[in-house]
Trainee: 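Here it is: the structure, laid out below.
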Amino acid sequence: MGNFESSMGNTKTFSVQDYDLAATLLSGQAFRWRPIDRRWVGVIGSHWVCLQPDQFSITAATAEPVSDWDWLIHYLQLDVDLKEILLTFPDDVPMRNAMIACRGLRLLRQDPWECLASFILSSTKQIVQIQQIIALLCERLGEPLIPGPAFPAAYTFPSAIRLARATEVELRACKMGFRAPYLLATARAIASRRFDLGRIGQLPVELARAELMTLAGVGRKIADCVLLFAYGFQSAFPVDVWVMKALRQLYFPRRRVTLKRLHRFAATHFGPNAGYAQQYLFHYMRTK
DNA sequence: GCCCAGGTGAAGC
DNA sequence: GCTTCACATGGG
């Protein structure tokens with residue numbers, strides 16, 4: 001491992017409170033972070049970065065000098081006041097337990113294309129397997145990046161344009177199975193400009209969701225993940241098998257409740273940061 | 001062998 | 001509208 005402190009311009013320490021980096025990076029919102037002796041190594045856009053958490057800070061080291069750290073502040077949402085958000089959660093037993101169990105859990109703000117493509121690959125896969133598929137995809141079709149000294153090879157997430165040029169066979173070779181044609185069709189819609197990801201963030205959330213759901217392999221759940229994790233629509237509330245289990249078990253024990261009913265409940269019960277609350281329930285269910 | 005995994009789309013009522 | 005099913009692949 002190199003001595004980051006000695007080289008100018010490629011390390012920076014950000015002071016933060018209530019930021020559980022491990023929980024955040026492993027809570028199934030992003031899939032490219034790897035733990036390497038108490039640090040977290042990943043790629044954000046075209047930046048290789050290594051994050052070292054401390055009690056009241058996160059220290060970032062990049063492979064190349066950086067003058068402007070806004071990309072990292074934005075990705076980690078370092079200027080968000082978590083306490084303000086937690087105050088908007090409903091004051092009930094399940095949320096109190098989830099808040100205790102998930103102290104410091106945050107939502108990231110990811111690149112829309114990477115987030116969209118990643119979640120197209122997520123359907124009926126365990127998080128570990130999603131990580132494996134994406135690692136393989138980046139290795140084969142991403143651009144090589146210069147990693148920090150003595151760190152393993154690193155790659156960018158392949159662009160929509162790059163994936164649009166790929167064949168279904170190439171994609172299937174990355175172990176993504178029946179998701180390959182979905183990813184390919186969506187990449188081609190974006191690469192050909194039939195679909196504009198830049199416009200999604202400017203629409204009202206219902207329209208943005210409907211637009212995303214016109215893409216191949218994107219239904220309600222994946223659309224909600226992208227709305228929440230990439231565009232920051234705080235009301236988006238992805239309901240997967242875990243969240244469904246959480247809602248049924250914690251809020252509707254001994255009653256059979258439809259998915260539609262759960263969505264209506266979520267829209268009214270969890271307040272303006274419902275999506276954030278959802279991530280707490282998700283992580284709570286998976287770790288307890 | 002079985003069942004399940006941060007689901008979606010198509011076909012059947 | 002709703003229910004059922006196929007879809008690859010790997011882990012427990």
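By convention in this document, chain letters (A, B, ...) are assigned in the order of the sequence lines, proteins followed by strands, and residues within each chain are numbered from 1.
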Trainee: Provide, to the nearest angstrom, the distance between the CZ atom belonging to A:Arg172 and the P atom belonging to C:dG10.
Mentor: 13 Å
Trainee: Which part of the nucleic acid, if any, lies within reach of A:Gly28 when heavy atoms closer than 4.0 Å are counted: base, sugar-phosphate only, or nothing?
Mentor: base
Trainee: Taking for each residue the nucleotide of DNA chain B with the nearest heavy atom, is it A:Gln279 or A:Leu215 whose nucleotide lies nearer the 5' end?
Mentor: A:Gln279
Trainee: A:Phe178 has a side chain; which of B:dG7, B:dA5, C:dT9 sits nearest to it?
Mentor: B:dG7
Trainee: Categorize A:Val243 for me: base, sugar-phosphate, or nothing, with a 4.0 angstrom heavy-atom threshold over every strand shown.
Mentor: base
Trainee: On DNA chain C, check which nucleotide each of A:Gln132 and A:Thr258 is closest to and give me the residue with the more 5' one.
Mentor: A:Thr258
Trainee: Atom CD1 in A:Ile161, atom OG in A:Ser192: separation rounded to 0.5 Å?
Mentor: 10.0 Å
Trainee: What nucleotide, of B:dG6, B:dG7, C:dG10, holds the atom closest to the side chain of A:Phe119?
Mentor: B:dG6
Trainee: Using a 4.0 Å heavy-atom cut-off, does A:Thr124 contact any base of the nucleic acid, only the sugar-phosphate backbone, or nothing at all?
Mentor: base
Trainee: Examine the base of B:dT8 for any acceptor or donor lying under 3.5 Å from a partner atom in the side chain of A:Lys221, and report the outcome as yes or no.
Mentor: no
Trainee: Just to be sure I understand the rule, does A:Arg179 reach a base, reach only the sugar-phosphate, or reach nothing, if contact means heavy atoms closer than 4.0 Å?
Mentor: base
Trainee: Does this structure show an ion pair linking A:Asp20 with A:Arg103, if we count only N-O contacts that are shorter than 4.0 Å?
Mentor: no
Trainee: Rounded to the nearest 0.5 Å, what's the gap from CG on A:Leu215 to CD1 on A:Ile200? Could you check?
Mentor: 7.5 Å
Trainee: Under 4.0 Å between a side-chain N/O of A:Lys175 and OP1 or OP2 of C:dG10, yes or no?
Mentor: yes
Trainee: Which nucleotide sits closest to the side chain of A:Tyr182: B:dG9, B:dG6, C:dA8?
Mentor: B:dG9
Trainee: Quantified in whole Å, what is the C1' atom distance between nucleotide B:dG6 and nucleotide C:dT3?
Mentor: 22 Å
Trainee: Run the salt-bridge test on A:Asp91 and A:Arg96 with the 4.0 Å N-O cut-off and return the result as yes or no.
Mentor: yes
Trainee: Taking the same atom, P, in C:dA8 and in B:dA10, what whole-Å distance lies between them?
Mentor: 14 Å
Trainee: Need one value for A:Ser118: base, sugar-phosphate or nothing, where a base atom within 4.0 Å counts as base even if backbone is also close, heavy atoms only.
Mentor: nothing
Trainee: Is any N or O donor-acceptor pair between the side chain of A:Gln278 and the base of B:dG6 shorter than 3.5 Å?
Mentor: yes
Trainee: Using the rule for Phe, Tyr, His and the six-membered ring of Trp, do A:Trp242 and B:dG6 stack at under 5.5 Å and under 30°?
Mentor: no
Trainee: Which of these nucleotides, B:dG7, B:dG6, B:dA5, is closest to any side-chain atom of A:Ile127?
Mentor: B:dG6
Trainee: State, yes or no, whether a side-chain contact exists between A:Pro53 and A:Trp40 at a heavy-atom distance under 4.5 Å.
Mentor: yes
Trainee: Please pick, from B:dG6, C:dG11, C:dA8, the nucleotide with the shortest atom-to-atom distance to any side-chain atom of A:Phe229.
Mentor: B:dG6
